[in-house]
Undergrad: 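Sharing a structure, written as structure tokens. Questions coming.
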Amino acid sequence: MSTTQLDSKSYGQYNAKAYSAGSPTSPLAPTIIARRDPGEQDVRLEILFCGICHSDLHQVRNEWSVMPTVYPCIPGHEIIGRVTHVGSAVTKFKPGDIAAVGCLVDSDGSCPECHAGLEQFCPNMILTYNSPDVHLGGMTYGGYSESIVVKEHFVFSVPSNLDLAGAAPLLCAGITTYSPMRHWGVTKGKKVGVVGLGGLGHMAVKFAHALGAHTVVFTTSPNKKDDALSLGAEEVVLSHDADQMNKHASSFDFILDAVSAEHDVNAYVQLLSRDGNITLVGGVDKPHAVSAFGLLLKRRSISGSVIGSIVETQEMLDFCGKHNIAADVEVIPIQKVNEAYERLLKSNVKYRFSIDMKSLKSS
Ligand code: NAP
Ligand code: ZN
């Protein structure tokens with residue numbers, strides 16, 4: 001059970017370098033932001049690496065009607081850092097430790113979701129960026145910055161064998177794909193599909209393979225076929241090829257759809273077996289059209305999933321430590337972030353950008 005409480009005491013503050021977007025159409029640019037001084041339950045991290053999630057791009061460009069962007073927006077929720085300060089009540093971390101922060105920095109600790117240990121569904125959860133900042137006013141600011149101050153409950157330990165640049169994307173791409181696979185019982189003997197071989201999709205393939213499932217990748221990009229196989233897929237299907245799709249009709253136990261743009265979900269519903277499930281994790285703003293008959297004739301289901309809980313995120317990191325799993329990353333300096341966003345839109349990254357945050361010192 002979570003023991004956190006949203007607290008709104010006033011704190012001292014310090015300045016930190018960051019990259020921010022001032023509007024949906026302006027490029028990210030250097031800025032200075034305020035961070036609170038750590039309170040007694042807080043951990044301050046010097047940020048070493050921050051992954052670039054497609055959600056950062058959606059949010060910076062104000063593409064989500066359910067979650068309008070407040071500017072300036074400082075994205076970043078795949079954070080690996082070194083602990084520099086801890087409050088007097090902190091027990092899990094000490095200065096010098098490597099630690100991580102994901103998409104959540106607080107929740108109310110008192111609602112049924114928090115009591116169930118499912119902070120990602122708390123109606124009062126505070127996201128790492130673009131949520132109200134109860135400490136300093138304004139909005140929370142994410143990981144495209146020098147440092148961050150976060151309540152200990154929302155900070156994770158990082159297995160020492162993992163490459164730090166590759167570990168950063170685990171904090172969102174990792175947990176967002178691990179959690180629904182665990183929920184829907186992906187295991188040896190199951191046939192699992194992964195739609196969209198991007199940042200999330202490539203993590204999903206690694207997890208499905210590590211969990212022992214027969215894994216099939218659906219991609220629109222013929223040039224990703226060899227990569228999909230080396231990431232752990234047994235088969236690759238070009239989703240625009242109807243013959244290849246039809247061969248898999250009614251055969252999947254579970255499909256994870258991690259596509260970032262509009263596409264035909266019915267094409268995948270048809271591939272589920274009786275009682276099969278397709279879980280959507282892509283943040284596509286426009287409603288999907290889904291055929292009722294596609295679902296009811298085989299009692300198929302369609303669901304959504306958002307990140308994972310705090311306990312499950314630590315479990316996922318430990319699983320990655322045990323199985324030596326990290327993201328395949330292209331490490332970039334922060335000065336290349338705008339170029340990286342354009343490449344992300346063209347699916348031109350293998351398979352996640354990870355920003356080396358020491359580059360921010362020269363901004
Ligand atoms: P990404 O790296 O850009 O990957 C998206 C993939 O989708 C692409 O690599 C591409 O795969 C496929 N794709 C893109 N445009 C397509 C189109 N028009 N039609 C069909 N396929 C297309 O993005 P990501 O960071 O993995 O994020 C994926 C989505 O999940 C985003 O919408 C993001 O906001 C969302 N997300 C949700 C959560 C959550 O908690 N639910 C957490 C993180 C991210 P192929 O080239 O293989 O076709
Ligand atoms: Zn994300």
Side-chain angles (χ1 to χ4, degrees), residues 50-64 66-67 69 75-79 101-104 118-121 125 127-130 142-144 168-181 183 193-206 216-228 231 233 236-241 245 256-265 267-268 279-286 288 303-309 312-313 316 327-330 340-354:
C50 185
I52 297 181
C53 180
H54 206 116
S55 301
D56 298 349
L57 189 155
H58 289 305
Q59 195 78 70
V60 159
R61 299 190 179 176
N62 200 15
E63 291 175 350
W64 286 337
V66 291
M67 230 187 274
T69 307
H77 55 206
E78 296 185 333
I79 299 168
V101 175
C103 303
L104 291 179
L118 295 169
E119 300 88 345
Q120 75 271 36
F121 304 120
M125 68 179 172
L127 296 168
T128 305
Y129 62 88
N130 203 52
Y144 296 8
L170 300 177
L171 279 302
C172 178
I175 185 60
T176 302
T177 52
Y178 179 86
S179 179
M181 287 203 195
H183 180 79
V194 174
V195 188
L197 195 66
L200 267 58
H202 96 290
M203 288 310 309
V205 174
K206 291 187 185 214
V216 182
V217 166
F218 295 92
T219 181
T220 59
S221 308
N223 62 352
K224 292 184 183 172
K225 190 170 176 189
D226 291 345
D227 287 349
L231 287 163
V236 183
V237 172
L238 294 176
S239 50
H240 292 141
D241 182 329
M245 292 289 279
L256 188 82
D257 182 336
V259 172
S260 55
E262 259 180 76
H263 61 290
D264 178 17
V265 172
Y268 299 100
T279 292
L280 309 180
V281 288
V284 181
D285 202 50
K286 193 166 174 214
H288 292 290
S303 330
S305 189
V306 68
I307 49 171
S309 72
E312 196 175 39
T313 302
M316 178 275 309
D328 290 12
V329 289
E330 178 176 336
Y341 275 29
E342 292 312 313
R343 286 181 50 198
L344 185 60
L345 274 178
K346 295 185 190 125
S347 299
N348 176 16
V349 51
K350 293 185 168 186
Y351 276 89
R352 197 62 145 184
F353 290 110
S354 185

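The structure presented is a predicted model; accordingly, all values stated were derived computationally and were not measured. Atoms considered below: every heavy atom in the structure, side chains included; atoms not considered: hydrogens, waters and symmetry mates. When a ligand or atom number is given, it counts from 1 through the structure's own listing order.
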Undergrad: Work out which heavy atom in Arg352 is nearest to a heavy atom in Ala173; give both atom names and the distance.
TA: NH2-CB, 3.6 Å
Undergrad: Measuring from atom CE of Met203 to atom CE of Met181, what distance do you get when rounded to the nearest 0.5 angstrom?
TA: 9.5 Å
Undergrad: Taking distance alone, with no angle check, do Trp64 and ligand 1 share an N/O pair under 3.5 Å?
TA: no
Undergrad: Begin from the C-alpha positions of His288 and His263 and carry the test side-chain contact (heavy atoms from CB on, under 4.5 Å) through to its verdict.
TA: CA-CA 8 Å; His288 292 290; His263 61 290; 3.7 Å; yes
Undergrad: Provide, to 0.1 Å, the distance between atom 47 (O) of ligand 1 and the closest protein heavy atom, together with that atom's residue and name.
TA: Thr219 OG1, 2.5 Å
Undergrad: Using distance alone, decide if ligand 1 has a nitrogen or oxygen within less than 3.5 Å of any nitrogen or oxygen in Val306.
TA: no
Undergrad: Give a yes or no on whether the backbone of Thr219 and the side-chain of Ser239 come within a donor-acceptor separation of less than 3.5 Å.
TA: yes
Undergrad: Give the residue, atom name and distance (to 0.1 Å) of the protein heavy atom nearest atom 30 (O) of ligand 1.
TA: Gly282 CA, 3.4 Å
Undergrad: When you measure from atom 48 (O) of ligand 1 to each heavy atom in Val194, Thr220, Val281, Val349, which option holds the nearest one?
TA: Thr220
Undergrad: How far is atom 21 (N) of ligand 1 from the closest protein heavy atom, and which atom is that?
TA: Val259 CG1, 3.4 Å
Undergrad: Select one of side chain, backbone, both or neither to describe which atoms of Ser305 lie under 4.0 Å from any atom of ligand 1, heavy atoms only.
TA: backbone
Undergrad: If you compare all heavy atoms of Ala168 against all heavy atoms of Glu78, which two are closest, and at what distance to 0.1 Å?
TA: O-CB, 3.2 Å
Undergrad: Would Leu197 count as being in polar contact with ligand 1, using the rule that some N or O on each side must be under 3.5 angstrom apart?
TA: yes
Undergrad: Considering only heavy atoms of Leu200, which atoms of ligand 1 have at least one such atom less than 4.0 Å away?
TA: 24 (P), 25 (O), 26 (O), 27 (O), 30 (O), 36 (N), 43 (C), 44 (C)
Undergrad: What pair of heavy atoms forms the shortest contact from Val281 to Ser305, and how long is it?
TA: CG1-O, 3.6 Å
Undergrad: Can you find a heavy atom in the side chain of Thr313 that is under 4.5 Å from one in the side chain of Leu104?
TA: no
Undergrad: Which protein atoms of type N, O or S are found under 2.8 Å from the Zn ion (ligand 2)?
TA: Cys53 SG, His77 NE2, Cys172 SG
Undergrad: What is the nearest protein non-hydrogen atom to atom 19 (N) of ligand 1, stated with its residue, atom name and distance?
TA: Glu262 O, 4.0 Å
Undergrad: Can you tell me which residue and heavy atom of the protein come closest to atom 14 (C) of ligand 1, and the distance to 0.1 Å?
TA: Ser260 OG, 3.6 Å
Undergrad: Specify the closest pair of heavy atoms between Val66 and Asp285, including all atoms of both residues, with the distance to one decimal.
TA: N-OD1, 4.3 Å
Undergrad: For Leu197, is there any backbone N or O sitting under 3.5 Å from a side-chain donor or acceptor partner on Lys224?
TA: yes
Undergrad: Suppose I only count heavy atoms of Ile307 and a 4.0 Å limit; which atoms of ligand 1 are within that range?
TA: 39 (C), 40 (O)
Undergrad: If you take all heavy atoms of Ala340 and Ile52, which pair is closest and at what distance?
TA: CB-CD1, 3.9 Å
Undergrad: Checking the N or O distance criterion of under 3.5 Å, is ligand 1 in contact with Ala261?
TA: no
Undergrad: Determine, step by step, whether Leu256 and Val195 satisfy the side-chain contact (heavy atoms from CB on, under 4.5 Å) criterion, reporting the C-alpha distance in whole Å, the side-chain angles of both residues, the deciding distance to 0.1 Å, and the verdict.
TA: CA-CA 6 Å; Leu256 188 82; Val195 188; over 6 Å; no
Undergrad: Ignoring hydrogens and geometry, is there a side-chain-to-backbone donor-acceptor pair from Thr177 to Gly174 under 3.5 Å?
TA: yes
Undergrad: Checking the side chain of Thr69 only, and the main-chain atoms of Val60 only, is there a donor and an acceptor separated by less than 3.5 Å?
TA: no
Undergrad: What is the nearest protein non-hydrogen atom to atom 4 (O) of ligand 1, stated with its residue, atom name and distance?
TA: Gly198 CA, 3.3 Å
Undergrad: Please list, in number order, the atoms of ligand 1 under 4.0 Å from a heavy atom of Lys224.
TA: 9 (O), 11 (O), 45 (P), 46 (O), 47 (O)
Undergrad: Give me the nearest non-hydrogen protein atom to atom 2 (O) of ligand 1 as residue plus atom name, then the distance to 0.1 Å.
TA: Gly199 N, 2.8 Å
Undergrad: As an exercise, state the distance from CG of Asn130 to CE of Met67, rounded to the nearest 0.5 Å.
TA: 8.0 Å
Undergrad: Could you check whether any heavy atom of Gln120 sits closer than 4.0 Å to an atom of ligand 1, since that is the contact criterion I want to use?
TA: no
Undergrad: Could you walk me through whether Ser260 and His58 pass the side-chain contact (heavy atoms from CB on, under 4.5 Å) test, one step at a time?
TA: CA-CA 9 Å; Ser260 55; His58 289 305; 4.3 Å; yes
Undergrad: Specify the closest pair of heavy atoms between Asp56 and Gly51, including all atoms of both residues, with the distance to one decimal.
TA: OD2-O, 3.7 Å
Undergrad: Has the side chain of Ser179 got a donor or acceptor atom that lies under 3.5 Å from a matching backbone atom of Ile175?
TA: no
Undergrad: Please list, in number order, the atoms of ligand 1 under 4.0 Å from a heavy atom of Gly196.
TA: 11 (O), 47 (O)
Undergrad: Any atoms of ligand 1 less than 4.0 Å from a non-hydrogen atom of Ser221? List them with their elements.
TA: 45 (P), 46 (O)
Undergrad: Judged on heavy-atom distance to atom 43 (C) of ligand 1, which of Gly102, Gly308, Cys172 sits nearest?
TA: Cys172
Undergrad: Looking at ligand 1, does any of its N/O atoms fall within less than 3.5 Å of an N/O of Tyr351?
TA: no
Undergrad: Counting only heavy atoms closer than 4.0 Å, does ligand 1 sit against the backbone of Thr176, its side chain, both, or neither?
TA: side chain
Undergrad: Atom 1 (P) of ligand 1: which protein heavy atom is closest, and how many Å away?
TA: His54 ND1, 3.7 Å
Undergrad: Closer than 3.5 angstrom, by distance alone: can the side chain of His77 be matched with the main-chain N or O of Pro75 as a donor-acceptor pair?
TA: no
Undergrad: For ligand 1, indicate whether the residue Ser55 contacts it via side chain, backbone, both or neither (heavy-atom separation under 4.0 Å).
TA: both
